[in-house]
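Notes follow once the structure below has been shown.
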Amino acid sequence: LARIASFQASSGHFSFWGGTSPIETFMTPYVVDFMLDARDAGFVVPQDALQKALQRLNDDLLAGGHPYYSYEHHDHLRIADEAYSGFVLARVNRAPLGTLRAIFDNDRQKLVAPLPLVHLGVALKLMGDNERAQKAVEEAFAWTKERPWYLGDYGSDLRDLGNMVALTHAYGLNKPEYDAKLIDWARNATAQVHSSDEKVPYYHWSWSYLSTQEQVAIARVAHAFDAGEHRALSVSVVVAGKAEKVPDGKAIWVRQITAAEQAGGIMIQPDGKATVFATLDVAGIPLKAPAADPSQVDVRRRYYTTDGKEWMGGKLREGDTLIVEVSMEPRVNMPDALVTDLLPGGLEAENLNLGGAKQWADVVVDGIRLAEHEGAANVVHEEYRDDRYAAALKLQRGVNARLFYVVRAVTPGTYTVPAPLVEDMYRPGIRGYGVSSVNQLTVEEP
């Protein structure tokens, strides 16, 4: 838990990206839910932190929740926060039933996505109101309105449906038609993406690049269908027309498939009534770098010498330093953007601020004084890893943002320079592969 969040003991909230970042109130019930899952699974959870967080959820719920006025769909976020908090509190029998009923009776019409209805329904059931609980869940799975392109709840259709199915199974509210809705959605999404007759909007693509929230939701679904109990598989597989039986006693079975076998078709046939989950993973090193795609985010990388002159490639000596600029302009607002700038093998990334602002006082790169570079982008978090520079930031439609960091030549050799990538962390289908002013570089010994 300490690796993903730092607990603010004075307030009971969780703040991501370290203790100096603004508090993200929507994450509090999410992390407390995780703490309860961890405790129920047998892990030791700090009781003082857990109790303070539960008390904060209770106080916020009774006070009417958080306003979220900076978001377009602020009413939805407030109600969703309240519903999730109510569900978490109901897990420990501490949710105020009168408040849950008031939210259901008076506020649910303001929702623009269905997951809060299931949180609310489970909470109502746990606190004893089965009639409202059933109605809330039925309305959630009867939902037909399209999800807005951006809500601010880190979710997607897949994330919501996966969690909805998992929750109904975990708390005895499941029905076959609820499970079928998730399966039908996945089939329709696959058919749309592979159809040559229909173009799918970018905000429907995220299932093909799964966000962390979507991956967690899929894991919850698998667990709800008893996949976590390691029961032996009972299934036959037909690969390129040849039938194979999964070895007896295997709960998980992995088989490598050649390109020719995949072209010949793969069919999976369960031999019993138990649910079987199948995944197809493709791994390898591409022969060509991904083509630049500025359709959603225009991304460009340039290199500069330490006096601010653009460096167009060639040879570096061990110990030489360059300044890297990554500029990006999105076609849509991206409040949760992630920059992944992979490094060539011979370079390592360094923080531009390590040497202090004075060393860059007279250096200007692409019109930006490096001593003032932090104002060129709305950065939430930066990391300087062994193989990449990574940054979380907020991007506005049509506004150019620029990031700067330093690279140092450390290992002799000739290296291909990877393309920069910007993507939305919770809508990974919104992404842009960029172009680099340098595609290859050489590092020589001093």
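- Here the straight-line distance linking atom CG of L120 with atom CZ of R108 works out to 9.0 Å at 0.5 Å rounding.
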CA sep, side-chain torsions, deciding dist, call: H169, D179, side chain to side chain donor-acceptor pair (under 3.5 Å): CA-CA 9 Å; H169 276 266; D179 301 345; 2.9 Å; yes
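- Within 6.0 Å of CG in D362 there are 12 or fewer heavy atoms belonging to other residues, nucleotides or ligands.
- For the pair L393 and A391, the tightest heavy-atom approach, listed with the atom from each and the gap, is CD2-O, 3.8 Å.
- Counting heavy atoms from C-beta outward, T411 and V443 have side chains that stay 4.5 Å or more apart.
- With hydrogens and angles left out, the side-chain atoms of E382 and Y389 include a donor and acceptor closer than 3.5 Å.
- To the nearest 0.5 Å, the span separating CZ on R302 from CD1 on I323 amounts to 14.5 Å.
- Here the side chain of Y154 pairs no donor or acceptor atom with the backbone of L151 at under 3.5 angstrom.
- No side-chain heavy atom of V339 sits less than 4.5 Å from a side-chain heavy atom of P420.
- In this structure, H76 contributes its side chain and V112 its backbone to a donor-acceptor pair below 3.5 Å.
- A salt bridge links D75 with R78: the closest approach of a Lys/Arg side-chain nitrogen to an acidic carboxylate oxygen falls below 4.0 angstrom.
- Atom NE2 of residue H74 and atom NZ of residue K110 lie 9.5 Å apart, to the nearest 0.5 angstrom.
- Residue-environment remark: CZ (R397) stays at or below the threshold of 12 foreign heavy atoms within 6.0 Å.
- Atoms CG and OH, from L61 and Y84 in turn, are 14.5 Å apart once rounded to the nearest 0.5 Å.
- With R369 contributing its side chain and V364 its backbone, the two residues share no donor-acceptor pair below 3.5 Å.
- Classified by interplanar angle (parallel below 30°, tilted 30° to 60°, perpendicular above 60°), the ring pair F141/Y178 is parallel.
- Atom CG in L62 sits 10.5 Å away from atom OG in S85 (nearest 0.5 Å).
- Judged by distance alone, the side chain of R388 and the main-chain N or O of R385 form no donor-acceptor pair under 3.5 Å.
- Defined by atom type and a distance below 3.5 Å, a donor-acceptor pair is missing between the side-chain atoms of Y150 and D424.
- The closest donor-acceptor contact from the side chain of H119 to the backbone of P116 lies at 3.5 Å or more, if one exists at all.
- With a 4.5 Å cut-off on side-chain heavy atoms, V299 and V326 count as touching.
- Using a 3.5 Å distance cut-off with no hydrogens or angles, the side chains of Y68 and T25 do pair a donor with an acceptor.
- Ion pairing between R300 and D366 fails under the 4.0 Å rule for side-chain N and carboxylate O.
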Steps toward side-chain contact (heavy atoms from CB on, under 4.5 Å) verdict (M164, T168): CA-CA 6 Å; M164 287 161 58; T168 55; 5.6 Å; no
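- Y426 and P428 get closest at one heavy-atom pair: C-CD, 3.5 Å.
- The shortest heavy-atom contact between I218 and L158 is CD1-CD2, 4.4 Å.
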Test side-chain contact (heavy atoms from CB on, under 4.5 Å) applied to L57 and R94, step by step: CA-CA 10 Å; L57 289 179; R94 289 173 57 174; over 6 Å; no
side-chain contact (heavy atoms from CB on, under 4.5 Å) assessment of K125 paired with V137: CA-CA 10 Å; K125 179 184 178 182; V137 174; over 6 Å; no
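- The shortest side-chain heavy-atom distance between L316 and W311 falls under the 4.5 Å cut-off.
- With sequence neighbours excluded, the residues that form a side-chain hydrogen bond (donor to acceptor under 3.5 Å, both in side chains) with D307 are T305.
- Counted by atom type alone, S327 and R402 present zero donor-acceptor pairs between their side chains at under 3.5 Å.
- Under the 4.5 Å side-chain criterion, counting only non-hydrogen atoms from C-beta, W143 is in contact with L111.
- The structure places CD of Q213 at 7.5 Å from CG of N163, a figure rounded to the nearest 0.5 Å.
- D60 and H66 get closest at one heavy-atom pair: OD2-NE2, 3.0 Å.
- The environment of Q55 atom CD is dense: over 12 non-hydrogen atoms of other residues, nucleotides or ligands sit within 6.0 angstrom.
- A donor-acceptor contact shorter than 3.5 Å is absent between the side chain of D298 and the backbone of P294.
- Here the closest heavy-atom approach between residue G86 and residue A95 is recorded as O-CB, 3.5 Å.
- Inter-residue side-chain proximity for D153 and D81 is flagged as unmet; no heavy-atom pair is nearer than 4.5 Å.
- Considering only heavy atoms from C-beta on, Q359 stays 4.5 Å or farther from T306 through its side chain.
- Taking the six-membered ring wherever Trp is involved, the centroid distance between the rings of F87 and Y171 falls below 6.0 Å.
- With contacts defined as side-chain heavy-atom distances shorter than 4.5 Å, the pair V324/L403 does not qualify.
- Nearest approach of E214 to L210, heavy atoms of both residues: OE1-CA, 3.3 Å.
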Verdict with supporting geometry, Q47 and L50, side-chain contact (heavy atoms from CB on, under 4.5 Å): CA-CA 5 Å; Q47 282 302 305; L50 177 59; 4.0 Å; yes
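- Each side chain to side chain donor-acceptor pair (under 3.5 Å) pair with one or both residues in residues 434-446, not counting sequence neighbours, appears once here: R301-S436, K315-E444, T414-T442.
- Salt bridge absent: D320 and R317 never bring a charged side-chain N and a carboxylate O closer than 4.0 Å.
- Side-chain atoms of R427 come within 3.5 Å of backbone atoms of W149 as a donor-acceptor pair (strictly under, hydrogens ignored).
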